[in-house]
Amino acid sequence: MEKTRVDFSKMYYGFPVFLVSFYDEKGVPNITTISSSYSLMDMVALGFGRKGFAINEIKKVKDFVINIPNRTMMEEIDFCGFASGRNVNKFEALNLTPVKSEVVNAPIINECLVAIECSLTDVIENDEYPHITNILAKIKGRCVAKELLDEEGHLIYESLDPVLYVGDSAKRAYRYTEKRTKNFSKAFLK
Ligand SMILES: Cc1cc2nc3c(=O)[nH]c(=O)nc-3n(C[C@H](O)[C@H](O)[C@H](O)COP(=O)(O)O)c2cc1C
């Protein structure tokens, strides 16, 4: 395949978007939008701009929740990704409901279908990337809406509706996934 070398300063090749919720140092619930992440087993890695309100509070309070929104929550995704918690309580501004997690000291966004409860374990700040804070966190619990679970309590993955972030340094956009899925994961999953 013939390729052209490009000079993008950023490239988002389809990252799931989610809402990170936490209680700030004063105990006030707040939210930020994130797309830089990966997860393996009971670990999740997230990437933040170093100056954001959420990351600087999470560094102090440690606990947070990853809430997975779907395409019905575009306004919330966008608002939490442009307003700063320094100036606004995003739960109140968006009329979202914080419900305290039973396993971490952080609020779950009641309106999202999936909540992943996390506790900070590592903060990685490297002079090579002076504007970025990466964190690792331990997953302490997961809560999934009943409508996403089958009779045996397994995830109905066709019903997940993640919103993906795509684009380059000039233009970014949201994409949705198809409901259709392929069942060939046995080849590489145990
Ligand atoms: C779709 C989307 C994805 C984003 N992903 C990230 C991200 O991965 N890391 C990050 O630091 N900021 C990300 N942002 C930007 C922050 O959400 C934004 O700077 C926000 O205003 C920070 O809020 P805070 O100051 O309350 O933390 C994203 C924004 C949008 C709209």
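No experiment lies behind these values; they were computed from the predicted model shown. Counting starts at 1 for both ligands and their atoms, following the listed order.
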### Query
Checking R50 side chain against Y129 main chain: does a donor-acceptor pair fall under 3.5 Å?
yes
### Query
Hey, quick one: are F22 and I68 part of the same hydrophobic cluster, counting side-chain heavy atoms closer than 4.5 Å, chains of contacts allowed?
yes
### Query
How far is atom 27 (O) of ligand 1 from its nearest protein heavy atom, and which residue and atom name does that atom have?
A54 N, 2.9 Å
### Task
Just need the protein heavy atom nearest to atom 13 (C) of ligand 1, so name the residue and atom and give the distance.
T33 O, 3.4 Å
### Task
May I ask you to check whether over 12 heavy atoms, not counting those of K60, lie within 6.0 Å of atom NZ?
yes
### Message
For atom 5 (N) of ligand 1, what is the closest protein heavy atom, and at what distance to 0.1 Å?
### Response
S35 N, 3.0 Å
### Message
If the contact criterion is a heavy-atom separation under 4.0 Å, does F15 count as touching ligand 1?
### Response
no
#### Entry: Nearest neighbour of atom 20 (C) of ligand 1 from the list G85, G52, S84, A83, on a heavy-atom basis
A83
### Polar contact flag for K90 and ligand 1 (N/O pairs, less than 3.5 Å)
yes
### Task
Tell me which part of R172 gets within contact of ligand 1: side chain, backbone, both or neither, using heavy atoms under 4.0 Å.
neither
### Query
Could an N or O of ligand 1 be found under 3.5 Å from any N or O of I55, whether backbone or side chain?
no
### Task
For G49, take its heavy atoms, then give the atoms of ligand 1 lying under 4.0 Å from any of them.
10 (C), 11 (O)
### Task
Please name the pair of heavy atoms, one in N30 and one in K90, separated by the smallest distance, quoted to 0.1 Å.
OD1-N, 3.1 Å
### Message
For atom 19 (O) of ligand 1, what is the closest protein heavy atom, and at what distance to 0.1 Å?
### Response
G81 O, 4.1 Å
### Query
Can the positive tip of R71 be found less than 6.0 Å from the middle of the six-membered ring of Y176, inside 45° of the ring normal?
yes
### Task
Could you find the nearest protein heavy atom to atom 31 (C) of ligand 1 and give me its residue, atom name and distance?
Y174 OH, 3.5 Å
### Query
Is it true that a side-chain atom of S84 and a backbone atom of N87 form a donor plus acceptor pair closer than 3.5 Å?
no
### Numbered atoms and elements of ligand 1 in range of S36, under 4.0 angstrom, heavy atoms
7 (C), 8 (O)
### Message
Check this for me, if you would: do K138 and D42 make a salt bridge, where the nitrogen-to-carboxylate-oxygen distance has to be below 4.0 angstrom?
### Response
yes
### Query
Which atoms of ligand 1 sit under 4.0 Å from any heavy atom of F82?
21 (O), 31 (C)
### Task
State whether the shortest distance between N or O atoms of G47 and N or O atoms of ligand 1 falls below 3.5 angstrom.
yes
### Message
Among L19, I34, N56, which one puts a heavy atom closest to atom 10 (C) of ligand 1?
### Response
I34
### Task
Grab the two heavy atoms, one from L120 and one from K59, that are nearest each other, plus how far apart they are.
CD2-CA, 3.9 Å
### Query
Is the shortest heavy-atom distance from the side chain of V65 to the side chain of I109 under 4.5 Å?
no
### Query
Hey, would you say the Y12 and Y165 ring centroids sit under 6.0 Å apart?
yes
### Contact atoms of ligand 1, heavy-atom distance to C80 under 4.0 Å
17 (O), 20 (C)
#### Entry: Short N or O distance, F53 and ligand 1, threshold 3.5 Å exclusive
yes
### Query
Can F48 be reached from F53 by stepping across I, L, V, M, F, W or Y side chains whose heavy atoms are under 4.5 Å apart?
yes
### Donor + acceptor pair across side chains of D63, Y23 (<3.5 Å)
no
### Task
Tell me which part of S37 gets within contact of ligand 1: side chain, backbone, both or neither, using heavy atoms under 4.0 Å.
neither
### Task
Could you check which of T32, V166, N30 puts a non-hydrogen atom nearest to atom 22 (C) of ligand 1?
T32
